[in-house]
Amino acid sequence: MENMIKKIVDADNEAKALEQAALQEKEELQKQIDDEAKKIYEKYMSDAEETVKRNNINEENKARQKLNEIKKKQSSVNIKLQADFEQNCDKWVDEIVSRTLAE
């Protein structure tokens, strides 16, 4: 009988040890999973940030090019307006004076 109780106690202790080992293994696996998930998240965020930086550079370059095109057009229009003014200034002044005095 005593031998039977000892076997039961030993089996219980062994079961507790197995349970403890299983819990320890579960915790270690969970830690590994958490670490791996963190690595994946950090890599994903790093890749996303790099993509955003590339897109920002591309968009800034496009905006700079458009601005340069607009400045060139504005300069061209300004030159044309200045030429029109120089060519027609006296004519316009005479026309304004003429219309003003005619009324």
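Sequential numbering from 1 along the given sequence is applied to the chain's residues.
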Margin query: Using a strict threshold of under 4.0 Å (side-chain N to carboxylate O), is an ion pair present between Asp34 and Lys38?
Written below: no
Note to self: So does Asp47 get a backbone contact from the side chain of Thr51, meaning a donor-acceptor N/O pair under 3.5 Å?
What the structure shows: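 Indeed, once roles are kept as given, a pair shorter than 3.5 Å links the two residues.
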Next item on the list: Spell out, as yes or no, whether a donor-acceptor pair under 3.5 Å connects the side chain of Ser76 to the backbone of Lys72.
Entry: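 Flag not set: sc Ser76 to bb Lys72 has no pair under 3.5 Å.
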Rounded to the nearest 0.5 Å, what's the gap from [atom1] on [X] to [atom2] on [Y]? Could you check?
X     : Y     : atom1 : atom2 : result
Gln87 : Gln82 : CD    : CD    : 12.0 Å
Asn88 : Asp94 : CG    : CG    : 11.5 Å
Lys71 : Arg64 : NZ    : CZ    : 10.5 Å
Asp12 : Lys7  : CG    : NZ    : 16.0 Å
Asn13 : Ile8  : CG    : CD1   : 12.0 Å
Gln24 : Leu29 : CD    : CG    : 10.5 Å

Pairs meeting criterion salt bridge (charged side-chain N to carboxylate O under 4.0 Å, His left out) with involvement of [range], two or more places apart:
range          : answer
residues 50-59 : Glu59-Lys62
residues 20-32 : Lys31-Asp35
residues 76-92 : Lys80-Asp84

Margin query: Lys6 vs Asp10, test: side chain to side chain contact (heavy atoms under 4.5 Å, CB included). Steps then yes/no.
Written below: CA-CA 6 Å; Lys6 182 174 180 351; Asp10 288 344; 3.3 Å; yes
Item checked: Asn61 versus Gln65, side-chain donor and acceptor atoms under 3.5 Å ->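 Short answer, no.
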Who else is in the cluster with [X] when I, L, V, M, F, W and Y are joined by side-chain contacts under 4.5 Å?
X     : result
Ile40 : none
Leu81 : Val77
Tyr41 : Tyr44, Met45

Next item on the list: Could you pull out the closest heavy-atom pair between Phe85 and Trp92, with the gap in Å?
Entry: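 Smallest interatomic distance, heavy atoms only, reads CA-CZ3, 3.8 Å.
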Item checked: Glu95 vs Arg99, salt bridge (charged side-chain N to carboxylate O under 4.0 Å, His left out): CA-CA, chis, key distance, verdict -> CA-CA 6 Å; Glu95 183 69 27; Arg99 288 184 183 184; 2.7 Å; yes
